[in-house]
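Following: one structure in structure tokens, then a few remarks.
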Amino acid sequence: MGPGRRMKKQGPPATLEQLGLASKSKRKNVDAAAQDGPTRKRKKTTDEPTEVAEPKKLVKLDRKIRQDIDESVAKKPKKAKKQFVNNDAQITVPPPMLIEGFEDEDDEDAPELVDGDLSDANFSQEEDEEVDEMALEDVSSGSGTGSDSVFDSDDPDAGQQKRGAMFSDDEDASDAEAQLTAANIEGLSRKLDQEQADLEADAQAELQDNALQTNIAADSDLLDTAGATTNLAPDLALIRNRITEAIRILSNFSTSNPTKSRSEYTDLLISDICTYYGYNEFLANKLFSLFSPSEAFAFFEANETPRPIVLRTNMLRTNRRTLAQSLINRGVVLQPVGKWSKVGLQIFEAPVPLGATPEYLAGHYILQAASSFLPVMALAPQPNERVLDMAAAPGGKTTYISALMRNTGAVFANDANRKRAKGLIGNIHRLGCKNVIVCNYDAQKAFPKILGGFDRILLDAPCSGTGVIGKDPSVKTSKNERDFLMLPHMQKQLLLAAIDSVDHASKTGGYVVYSTCSVTVDENESVVQYVLRKRPNVKIVETGLPEGFGTEAFKAFEGKKFDEHMNWARRWYPHKENVDGFFVCKLRKVGPSPKGAGVAGAADVNGEASVAINGVSKRAKGTSSAEESATDTKDDDDEFGGFDDEADEQVMQREERKRLRRKGLDPRTVGFKASGKAKTKSKSGSGTEEKSRTNGGTNGVATTVDKAEKKSLPEKANGEASAAEVDLSKVSGSTTLEKKARAGQVVSEKPKETKLKSKNKDKTETTKRGKKGPAPASGA
Ligand SMILES: C[S@@+](CC[C@H](N)C(=O)[O-])C[C@H]1O[C@@H](n2cnc3c(N)ncnc32)[C@H](O)[C@@H]1O
């Protein structure tokens, strides 16, 4: 089997050497390894008999041509057969060799394979088959329900070309085709050439006809909008010339004697990009806006080919050197993916299906896009931690996390899509991950409500996939304006949930990594900026990835300014690093989330979701819940200092006055003091009566009223109702809209009957009191 499409077209991703990051001596080693591999492979490839490859090509021929072939075969089969030499005897398996370029440091991460580990690798055959079948089936099942519009950089289905390039289709070749001889092929080739020439001649004649009719053929101005697209089939060569010409002019606008305005050239360029590469106009505009014209061209060009195939060594089962050697023995041509990774191997040629080698089946590696190593490296999970992979299927990153933790601690691998969550299980088994718990929740709603207090969280968010167009060209036409409203909305919700679920007091962590395989600002910097605004207890930290690898994220975009440390987040592009487009941002939680954060951020985005009923801490990990509760009061003033306290106080006082009036009390007569009262309310954020007393309830009235209020609220199984109300004070610092929404929710938390009752009561009391004035305080 020859090199696949991507192997022929793509070079290796830029290594750190190319980025000027590696020492010269190490570079020599890598080069040596790279040279070694291809030489061996070439020998083997030329030795292989050609009849293995040829029938496969012919599978695609149409029926008429097949008939021709059959006829031809019938006429002279024997003569042709003679021309073949059976080279089987000459095929040699390269002897085991020690490969260079795999520094000893590779082994640093290799676990000591103790008996237990090995026994894992040695499943009984039956068990092996079962698990592998499941893994292969699940992994190839692709994006399932609910996530059809979202992308996974490692989804094997998203890259069908990849499979095409790596897996033999020989089984499909029919018997008749298998009998083809070289002579037939030669004849067929001549026939096809002739047909092709005829077709071209016809097309040319047709073009000339059209040109005569429309009188546009001899347009000398390349950048005239007519010409290339007026015909039924666009003249792609002309359009490409126009694209390069427009880029040349736009790149040196002042000196290139333009005949049109800059925006006209830009419009024409984008329109041509749509025609030439097949993007919808909305997406072409969005992507074009990220780059200079010439860089945009490079980006669109790079999207025309998939990225190189990369596999990740599973350090739970083996080490990279051993794995590389085994695969080289099978004729695979490979080299380390770059200095930035100790576990990645880039594949140049593979005469065997990489998804079915004994090493694959034994879980020694997983096929995984190089860029999808990056979020896990940034997350840097530590042994014995408690980690959540919030959107985990099919598990490329989960299993890497598990390996970095050396099978200790606990990794919760969640995915909202049930089918995909099941697929996770196959990979987890195959790779021998014993510290992973798979769950199937909508992370927007579930975390931290059901589980929180994690040391680290990875949110590899569902996204539009604009970074993986090379793998899935359907993105070019399927993503529209609506997607870029819906997806960021979901991403914001998920990221808020992640932040609220991590333990800021974790001794080893307290980190959230946000990543997408999209390059749009809406799904990346804007999402991070949004959560920074909503959660001032979070800050951006450096990813810890090698310097100079990737591009700094935007600090400003189209007039919007982002956080001063947004440049610590990183972007990767197909045209720059030859990896899938990717975004990684690492966040550190430095204080507890607001009380109202139990159902993360739900209120502010859609304005109607419920206020957090329960705080993070109540169900979070034992210690952290206590710690969060304990630090709540302490940290309120410092950690949430960025909140607009004054505005909050006004809202709270207004609410308090309303509440007193509903109770038939006159705020003035019960000693309601605007600021003091608000403070009392704020400090009662823990939801406990005691707390509101000790935290400076100005007088007994506040506590009494709280009690009365509690009674009027519906009893919830876990006594959460009152927490819902007091949460309001903790969710300060949000926008006016959000506050309004939240204020509304607090009210709507109460059952209608209660409101009605309360209204009636007000009425009754007012009637009773008449104009005599408000009821005395003691009546409360
Ligand atoms: C980019 S893929 C994750 C790829 C995965 N991290 C890996 O490396 O193998 C995004 C995943 O998010 C899941 N997803 C979408 N919406 C979700 C939600 N609300 N909660 C949890 N998972 C969700 C999708 O089913 C999809 O599997």
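Remember, it's 1-based here, ligands and their atoms both numbered in the order they're listed. Sequential numbering from 1 along the given sequence is applied to the chain's residues.
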The side-chain hydrogen bond (donor to acceptor under 3.5 Å, both in side chains) partner of Ser464 among Lys286, Glu523, Lys479 is Glu523
Of all the atoms in ligand 1, which lie at a distance below 4.0 Å from a heavy atom belonging to [X]?
X	value
Asp442	18 (C), 19 (N), 20 (N)
Met390	21 (C), 22 (N)
Gln444	19 (N)
Tyr441	20 (N), 21 (C)
Asn417	25 (O)
Lys397	6 (N), 7 (C), 8 (O)
Asp460	1 (C), 3 (C), 4 (C), 5 (C), 6 (N), 8 (O), 10 (C)
Ala461	1 (C)

Can you measure from CG (Asn314) to OH (Tyr400) and round to the nearest 0.5 angstrom? 11.0 Å
Could you state the interatomic distance from CG (Leu379) to CG (Asp455), rounded to the nearest 0.5 Å? 10.5 Å
Please determine whether any non-hydrogen atom of Pro375 lies less than 4.0 Å from an atom of ligand 1. no
Determine, using heavy atoms of Pro394 and all atoms of ligand 1, whether some pair is separated by less than 4.0 Å. yes
Between Tyr365 and Tyr360, does the ring centroid distance fall short of 6.0 Å? yes
Aromatic contact between Phe291 and Tyr573, with the criterion being ring centroids under 6.0 Å apart: yes or no? yes
With a 4.0 Å heavy-atom cut-off (strictly under), which part of [X] contacts ligand 1: side chain, backbone, both or neither?
X	answer
Arg420	side chain
Ala392	backbone
Ser372	neither

[X] side chain to [Y] side chain, donor-acceptor N/O pair below 3.5 angstrom:
X	Y	result
Gln529	Ser526	no
Asn303	Tyr279	yes
Gln346	Gln335	no

Can you name the nearest heavy-atom pair linking Cys585 to Ile540, along with the distance? SG-CG2, 4.1 Å
Check whether any N or O atom of [X], backbone or side chain, sits under 3.5 Å from an N or O atom of ligand 1, and answer yes or no.
X	value
Pro462	no
Asn414	no
Gly395	yes
Asp415	yes

Option passing salt bridge (charged side-chain N to carboxylate O under 4.0 Å, His left out) with Asp500 (candidates Lys449, Lys534, Arg535): Arg535
Would you please classify the geometry between the Tyr277 ring and the Phe300 ring as parallel, tilted or perpendicular, with 30° and 60° separating the classes? parallel
Checking heavy-atom distances from atom 20 (N) of ligand 1 to each of Gly465, Ala443, Ala446, Cys439, the winner is Ala443
